[in-house]
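Heads up: the structure comes next, in structure tokens.
All values below come from the heavy atoms of this structure, side chains included, with hydrogens, waters and symmetry mates left out. We name chains A, B, ... by the order of the sequence lines, and we start the count at 1 in each one.
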Amino acid sequence: MYYNFKEIEKKWHRVWEKEKSFRAKAIPKKKKYYLLEMFPYPSGKIHMGHVRNYTIGDVSARFKTMQGYLVLHPMGFDAFGQPAENAAIKNKTKPDIWTRKCIKEMGNELKKMGFSYDWEREISTCDSSYYKWNQWIFLKMFKRGLAYKKASSVNWCPSCLTTLADEEVIEGGCWRCHKKVEEKDLEQWYLKITEYKEQLLEDLNQLKDWPERVLSMQTNWIGKSRGVEIYFKLKDDNTIIPVFTTRVDTIFGATYIVLAPEHTLVKEIIKGKPQEKEVLKFIDKVSKKSAVVRSSSDVKKEGIFTGSFAVNPVNNEEVPIWVADYVLMEYGSGAIMSVPTHDQRDFLFAKEHGLPMRIVIQAQGSKFKVPAEITEAYEGDGIQVNSAQFDGLTNQEAKVKIAEWMDGKGIGKIQTHWRLRDWLISRQRYWGTPIPIIYCPKCGIVPVAYEDLPVELPKDAPFTGEGGSPLGKVKEFVNTKCPECKGPARRETDTMATFFDSSWYFLRFCSPGFNEEPFDKKEVKYWMPVDQYIGGIEHAILHLLYSRFFTKFFKDLEMIDFKEPFTRLLTQGMVLKDGEVMSKSKGNIVDPDSMISQYGADALRLFVLFAAPPETELEWDSKGLEGAFKFLNRVWRIQENLKEKADTGLVRILHKTIKKVSEDFQSFKFNTAIASMMELTNAIYQYGADKQVFKSLIKMLAPITPHFSQELWQILGEKGSIFKAGWLEADPRMLIEERIIIVIQVNGKVRSKIEVSQDISEEKLKTLIMADKKLISWLKDKPIRNFILVPKKLVNIVV
RNA sequence: GCCGAAGUGGUGGAAUGGCAUACACGUCGGUCUCAAAAACCGAUGAGCGUAAGCUCGUAAGGGUUCAACUCCCUUCUUCGGCACCA
């Protein structure tokens with residue numbers, strides 16, 4: 001009754017494995033296609049998200065293969081990380097053993113899905129043959145000053161008991177466990193990603209085939225803002241107070257300045273002033289507020305006058321100096337100029353404290369107002385007023401002119417501020433790459449020599465989940481000799497953030513066994529960059545930014561000759577059930593494995609592609625999966641009723657389908673490609689197919705349903721792999737319809753349809769229209785004002 | 001607040017200036033069957049009408065056009081990112 005998917009799928013898995021069907025070996029001059037999906041964390045079982053991600057990738061890989069490309073389609077495991085430690089504690093085993101078991105299980109599940117991976121290239125980041133090169137890269141960065149240690153206030157997750165990079169803090173919480181992140185002062189290792197900030201921003205322009213969403217997220221994250229640092233002077237002793245602004249066009253309206261409570265100057269300027277005691281009290285009060293409270297925008301801004309004045313360098317006006325909690329020491333210079341008339345925040349603050357205001361930008365076309373009349377700040381564009389020699393310019397012109405003028409006179413400096421911070425990579429964790437650094441009491445921080453790599457992760461470490469770097473408790477690991485003076489020394493006991501591992505794995509895939517350097521330059525030259533990368537949107541900043549950084553670093557080392565690792569990027573949407581993300585805690589998980597045993601991998605693959613376009617969220621629908629399975633059976637049964645020769649009508653539909661499917665596969669519109677194959681199938685049921693038409697259909701289905709198609713291919717008498725049989729070409733002659741249907745509109749509304757020969761003349765068509773009974777009542781007694789003909793499609797008659 | 005994406009039947013979705021709702025799910029009806037399942041065939045945006053057909057309809061309002069889901073303007077809603085960022 002149903003086709004025997006169980007046996008068929010098993011059969012072809014064996015064949016593919018035996019014949020090493022997906023082995024990719026570089027052939028110079030042959031056009032290559034490197035297709036990569038983000039490698040998984042080996043949790044043991046695959047989930048629907050994996051199924052979706054890897055199915056999208058696999059269909060593209062198989063399609064490209066059929067089109068004649070030499071396709072590299074590797075798979076591996078992002079195997080270091082905290083869950084292994086937690087699982088090991090829970091299951092009373094070791095992270096190493098647990099992870100390897102998971103990798104094996106997960107590999108089997110991936111194989112069950114029939115993905116066309118070159119398994120001989122499999123890598124796991126927890127193998128010392130891999131992480132050795134993490135250490136090598138780290139040392140290269142260290143020698144260039146790109147890896148450095150500094151004491152700073154860092155993000156600390158109290159539940160994971162480790163530090164986090166800025167990128168790993170999502171809405172103030174840990175990206176992994178969502179616990180609120182705390183601040184802690186620690187000495188940690190950083191990578192100087194900021195060295196590449198210009199390039200990281202600039203080269204986004206090069207990524208034409210990345211989703212706009214990702215580009216905008218990265219742009220926001222890097223956060224470039226241009227402006228001017230203005231040098232206000234203290235009235236009493238000419239001490240300079242630098243103030244950063246992006247709105248230098250409003251400088252003539254600056255009526256006071258505000259310092260952050262932590263600003264070093266505050267204590268000096270209040271000394272001996274009557275306000276001293278009050279201000280100190282205020283600072284103390286602010287310092288007791290948590291960062292979260294202080295940074296929530298709905299809390300009322302509080303501030304206090306210091307008793308001191310500063311001089312505005314553009315007009316030598318004396319302005320009062322205030323201290324307020326809304327000015328942050330971490331951004332800019334920790335001091336701002338305040339323009340109440342053109343900044344809403346300043347406006348509210350000035351109203352509250354009765355501070356002076358002056359309008360300097362006049363909205364075009366509106367009546368000039370005086371400060372007393374305005375009810376809110378005007379933040380838009382307009383014409384400069386009250387701005388000395390700049391009056392009459394548009395504020396956009398003034399922005400440039402004033403900046404240049406100030407820069408030239410030395411009363412300000414054109415400056416750029418960035419949001420991006422260096423990447424903190426130290427983790428107080430066991431299951432990661434040891435940082436290859438030795439601390440010597442005599443020589444200080446000493447890098448491990450290249451020939452001593454890898455610094456192996458000890459197999460036994462007493463990690464308990466109670467915090468503190470577990471490696472610190474392994475004496476044989478910690479105690480070592482200084483590479484320089486040979487005296488006793490200690491090893492660094494933190495490990496690297498796992499995002500380090502995944503920042504270059506796509507390069508390793510090009511030559512996974514290479515043991516002279518992280519990768520073989522020749523192989524990388526052939527395969528890289530990745531032509532198509534596919535993965536989840538959650539990596540829009542994290543992994544994708546870090547990988548871009550590493551690529552630029554390798555370019556500087558002259559190990560590669562390209563600037564960006566991923567030419568095209570597709571971010572697939574999440575799989576939902578009942579409108580929510582599938583998760584263990586919500587208990588709404590659908591296990592791919594049980595779906596495979598019920599309907600087969602092919603039906604599952606077909607369903608996840610058909611249910612939604614790849615980028616959008618996919619609502620799980622078991623009825624839909626059943627429908628996909630029914631469709632495959634419907635196709636399967638065609639073989640029982642093949643005709644000698646198919647009707648021309650059907651052959652035309654076939655060629656239209658070939659055209660549509662080829663275009664859609666190319667642009668990842670799998671849902672509509674499948675829809676048109678369903679239409680072809682419906683037409684076959686109507687007309688009856690011959691062997692040729694049927695073979696074409698199963699060929700088009702092959703990238704999506706590889707086992708199913710390969711089996712039918714064999715049943716139809718073909719030997720060998722359907723994937724080596726080439727792709728289909730639509731015959732342009734078959735795409736021309738002889739009889740076409742012209743839609744007739746009257747005043748833009750469809751009133752009739754006429755079937756005509758495709759090469760009918762306009763005159764003849766007009767005659768036919770005039771004779772159309774359906775149109776008589778619409779056209780009778782009405783002069784035709786316009787006759788619009790869209791060739792081969794439509795006529796619109798305006799009466 | 002700024003930036004980005006989106007809003008279409010009962011549901012997933014299709015159409016990027018030219019027939020709105022392809023394809024599928026669901027529902028209803030039919031064929032086959034003792035019956036059911038499966039399979040096959042058909043109907044299925046709303047309203048009015050016996051019917052032919054007519055009117056309305058793509059978040060709301062306006063505009064451009066012979067013609068707008070599609071382009072422009074305003075507004076609303078949802079999702080995502082950034083944010084007391086000066």
Side-chain angles (χ1 to χ4, degrees), chain A residues 1-2 170-171 211-223 225 227-228 230 243-248 250 254 257-258 260 294-301 324-328 330-339 343-346 348-349 379 417-419 537-538 540-541 576 606-607 610-613 615-628 630-631 633-634 637 669 671-682 685-686 741-753 774 777 785-799:
Chain A
M1 186 132 38
Y2 295 122
I170 311 291
E171 285 175 1
E212 229 168 302
R213 183 147 75 122
V214 176
L215 295 175
S216 108
M217 279 164 82
Q218 291 217 357
T219 306
N220 274 345
W221 187 260
I222 297 168
S225 72
V228 177
I230 300 171
V243 156
F244 180 73
T245 181
T246 54
R247 288 295 305 273
V248 74
T250 65
I257 69 173
V258 189
R294 236 185 107 179
S295 65
S296 72
S297 49
D298 24 271
V299 169
K300 199 164 151 204
K301 290 132 186 59
D325 58 355
Y326 72 95
V327 176
L328 307 173
E330 308 86 72
Y331 188 81
S333 57
I336 62 161
M337 67 175 200
S338 204
V339 186
D343 182 293
Q344 185 61 16
R345 220 173 6 169
D346 294 345
L348 293 173
F349 191 82
E379 296 181 343
H417 275 272
W418 301 83
R419 203 190 153 281
I537 186 72
E538 65 273 19
I541 296 172
L576 310 180
L606 180 68
F607 168 71
F610 181 58
E615 301 88 348
T616 54
E617 290 176 338
L618 186 153
E619 176 66 35
W620 179 260
D621 176 11
S622 53
K623 284 282 185 189
L625 174 57
E626 212 177 298
K630 281 182 185 173
F631 169 70
N633 282 291
R634 196 167 146 85
R637 283 190 305 267
K669 291 184 194 163
N671 55 333
T672 49
I674 293 165
S676 73
M677 289 189 263
M678 285 173 169
E679 281 178 80
L680 175 61
T681 304
N682 292 343
Y685 269 75
Q686 211 182 329
I741 290 168
I742 303 271
V743 173
I744 316 294
Q745 297 183 333
V746 178
N747 290 343
K749 291 206 164 125
V750 180
R751 296 301 178 191
S752 183
K753 290 172 191 185
K774 282 185 188 163
S777 64
R785 275 204 272 172
N786 208 347
F787 184 91
I788 290 137
L789 173 73
V790 183
K792 293 177 191 180
K793 263 191 188 158
L794 170 144
V795 168
N796 190 11
I797 303 162
V798 188
V799 296

### Query
Checking Asn796(A) side chain against Gly748(A) main chain: does a donor-acceptor pair fall under 3.5 Å?
yes

### Task
Sticking with atom C1', work out how far G17(B) lies from C71(B), rounded to a whole angstrom.
8 Å

### Message
At less than 4.0 Å, is any side-chain N or O atom of Arg345(A) found next to OP1 or OP2 of C85(B)? Yes or no.
### Response
yes

### Task
May I ask you to verify if any side-chain N or O of Arg634(A) is less than 4.0 angstrom from the OP1 or OP2 atom of A38(B)?
no

### Query
Residues two or more places apart in sequence or in another chain: which of them pass side-chain hydrogen bond (donor to acceptor under 3.5 Å, both in side chains) with Asn682(A)?
Arg634(A)

### C69(B) versus U21(B) - spacing of their P atoms, nearest Å
12 Å

### Query
Taking only N and O in the side chain of Asn220(A), is any of them less than 4.0 Å away from OP1 or OP2 of A83(B)?
no

### Message
I want to check one thing: is the phosphate of G18(B), taken as OP1 and OP2, less than 4.0 Å away from some side-chain N or O of Lys749(A)?
### Response
no

### Task
Please work out if Gln344(A) contacts a base, only the sugar-phosphate, or nothing of the nucleic acid, heavy-atom cut-off 4.0 Å.
nothing

### Task
Take Thr245(A) and Asn671(A), find for each the nucleotide of RNA chain B with the closest heavy atom, and name the residue whose nucleotide sits nearer the 5' end.
Asn671(A)

### Task
Look at the side chain of Asp343(A) and the backbone N and O of Ser338(A), then say whether any donor-acceptor pair between them is shorter than 3.5 Å.
no

### Query
Taking only side-chain nitrogens and oxygens of Arg637(A), does any of them come within less than 4.0 Å of OP1 or OP2 of C40(B)?
yes

### Message
Given A24(B), G18(B), A14(B), identify the nucleotide with an atom nearest to the side chain of Lys793(A).
### Response
G18(B)

### Message
Measure NZ/Lys623(A) against C1'/C23(B) and give the value in whole Å, please.
### Response
18 Å

### Message
What stems show up for RNA chain B when you take Watson-Crick pairs (N1-N3 plus N6-O4 or O6-N4) and G-U wobbles (N1-O2, O6-N3), both under 3.5 Å, and require three or more consecutive pairs?
### Response
B:1-7 with B:76-82, B:10-12 with B:23-25, B:26-31 with B:39-44, B:45-48 with B:53-56, B:59-63 with B:71-75

#### Entry: Those residues that, when tested against Ala628(A), pass side chain to side chain contact (heavy atoms under 4.5 Å, CB included) (two or more places apart)
Leu606(A), Phe607(A)

### Task
Answer yes or no: does a side-chain N or O of Arg419(A) lie under 4.0 Å from OP1 or OP2 of C82(B)?
no

### Whole-Å C1' distance, A59(B) and U8(B)
10 Å

